[in-house]
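Notes follow the structure.
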2 protein chains.
Amino acid sequence: MGRKVIDNPNLCSLVHAMNIIGGKWKPIIMYLLANGSLRFGKLLMFTPTISKKVLTEQLKELEEDGLIIRQKFPEIPPRVEYSLSEKGKALLPVLKALSDWTMETYGNEIGFEQCRIVTL
Amino acid sequence: MGRKVIDNPNLCSLVHAMNIIGGKWKPIIMYLLANGSLRFGKLLMFTPTISKKVLTEQLKELEEDGLIIRQKFPEIPPRVEYSLSEKGKALLPVLKALSDWTMETYGNEIGFEQCRIVTL
DNA sequence: CCCATAAGTCACCTTTTTGTAACCACTATT
DNA sequence: AATAGTGGTTACAAAAAGGTGACTTATGGG
């Protein structure tokens with residue numbers, strides 16, 4: 001059928017990007033860590049509708065991809081802090097641009113109820 | 001338990017953004033349409049591992065969210081062309097920034113085999 | 001009359017993702 | 001002796017997403 005196969009680096013990196021931060025919760029986790037490190041329990045509270053299991057999985061993947069750093073303190077009860085790596089910090093402007101685009105494009109349609117933050 | 005609930009617009013819009021373009025194929029479809037309109041069949045060829053059903057679904061959702069425009073020509077056999085709307089075009093710089101970040105961050109780790117483009 | 005074509009739809013099935021609840025380790029407190 | 005606190009893990013169930021192949025529509029060509 002006379003086909004041609006060509007590489008498209010931009011497309012490939014977009015595919016790669018979506019594999020890395022395409023998960024529903026990953027951008028949110030990154031954003032929550034933008035202002036400093038957070039413990040597992042705090043992250044669980046700040047993303048109200050996520051389950052413990054899923055949060056654990058997402059954090060593990062983000063760590064494997066080098067976007068966040070997991071620091072474990074040998075205390076009892078245990079304490080684990082998550083923070084952004086340099087790679088992760090470099091992604092923040094992109095997330096900000098995405099957030100801005102969404103605000104400008106969908107502004108009033110965004111349902112704030114779905115993503116309130118709970119603090120103590 | 002003395003909790004406080006606070007709105008966080010940036011976070012909310014990020015959640016919203018991921019609902020809209022978080023699908024595995026959506027950024028790729030947008031990117032393919034960056035240079036002009038494409039027919040359904042072409043889109044199907046350009047994204048080799050997507051199935052007809054899934055492509056249909058993704059296109060429908062993108063259209064519902066106002067990112068792409070579907071133009072149907074009353075011909076036999078039918079012809080349908082998809083193109084970016086203004087909203088969609090406004091997202092392109094963000095996708096570009098994401099692509100750039102991925103290249104800079106993961107450069108050589110990106111598997112080009114997975115996302116070659118097939119043309120006639 | 002039969003086939004091909006483009007852009008889907010539909011029914012059915014498999015795979016992946018997500019949720020739920022229980023459990024663990026270790027120590028301090030009650 | 002029982003309980004609480006933290007950061008998980010595990011088994012199981014439910015839901016969502018994705019794949020496959022047949023079918024549709026209308027018409028022109030052989």
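Everything quoted here is computed from the prediction, not taken from an experiment. Reminder, nothing fancy here: chain letters follow the sequence lines and each chain counts from 1. Hydrogens, waters and symmetry mates are skipped; everything else that's a heavy atom, side chains included, is used.
Side-chain contact check for A:Ile21 versus B:Leu98: some heavy-atom pair is nearer than 4.5 Å. Residues B:Ile28 and B:Phe46 are not in side-chain contact: their nearest non-hydrogen atoms beyond the backbone lie 4.5 Å or more apart. Residues A:Arg70 and A:Leu59 are not in side-chain contact: their nearest non-hydrogen atoms beyond the backbone lie 4.5 Å or more apart. Residues B:Leu67 and B:Ile29 fail the side-chain proximity criterion, which asks for heavy atoms closer than 4.5 Å.
Taking side-chain N and O atoms only, A:Tyr82 has a distance below 4.0 Å to OP1 or OP2 of D:dG8.
If you take CG of B:Leu44 and C1' of D:dG19, they are 13 Å apart, rounded to a whole angstrom. Nucleotide C:dG19 holds its C1' atom 11 Å from the CD1 atom of A:Ile50, rounded to whole Å. Atom P of nucleotide D:dT6 and atom CG of A:Leu43 are separated by 14 Å, given to the nearest angstrom. Look at NZ on B:Lys24: it is 10 Å from P on C:dT16, rounded to the nearest Å.
Using a 4.0 Å cut-off between charged side-chain N and carboxylate O, B:Glu86 and B:Lys89 make a salt bridge.
Relative to the side chain of A:Phe40, the nucleotides C:dG8, D:dT20, D:dG8 differ in distance, and D:dG8 lies closest. The side chain of B:Lys53 sits closest to D:dT20 out of D:dT6, C:dG19, D:dT20. Minimum atom distance to the side chain of A:Lys52 is reached by D:dG7, of the listed D:dG7, D:dT20, C:dG19.
For DNA chain D, the neighbouring residues in residues 55-63 of chain A, judged by any heavy atom under 4.0 Å, are A:Thr56, A:Lys60. Contacts of residues 64-81 of chain A with DNA chain C (heavy atom under 4.0 Å): A:Ile76.
One distance of note links CD1 of B:Ile69 with CD of B:Glu81; it measures 12.0 Å at 0.5 Å rounding. Put simply, CG on A:Leu95 and CE on A:Met30 are 6.0 Å apart, with the number rounded to the nearest 0.5 Å.
Counting non-hydrogen atoms of neighbouring residues, nucleotides and ligands closer than 6.0 angstrom, the NZ atom of B:Lys87 exceeds 12 such neighbours.
Remark: the backbone N or O of B:Glu63 is not paired with any side-chain donor or acceptor of B:Tyr82 at under 3.5 angstrom.
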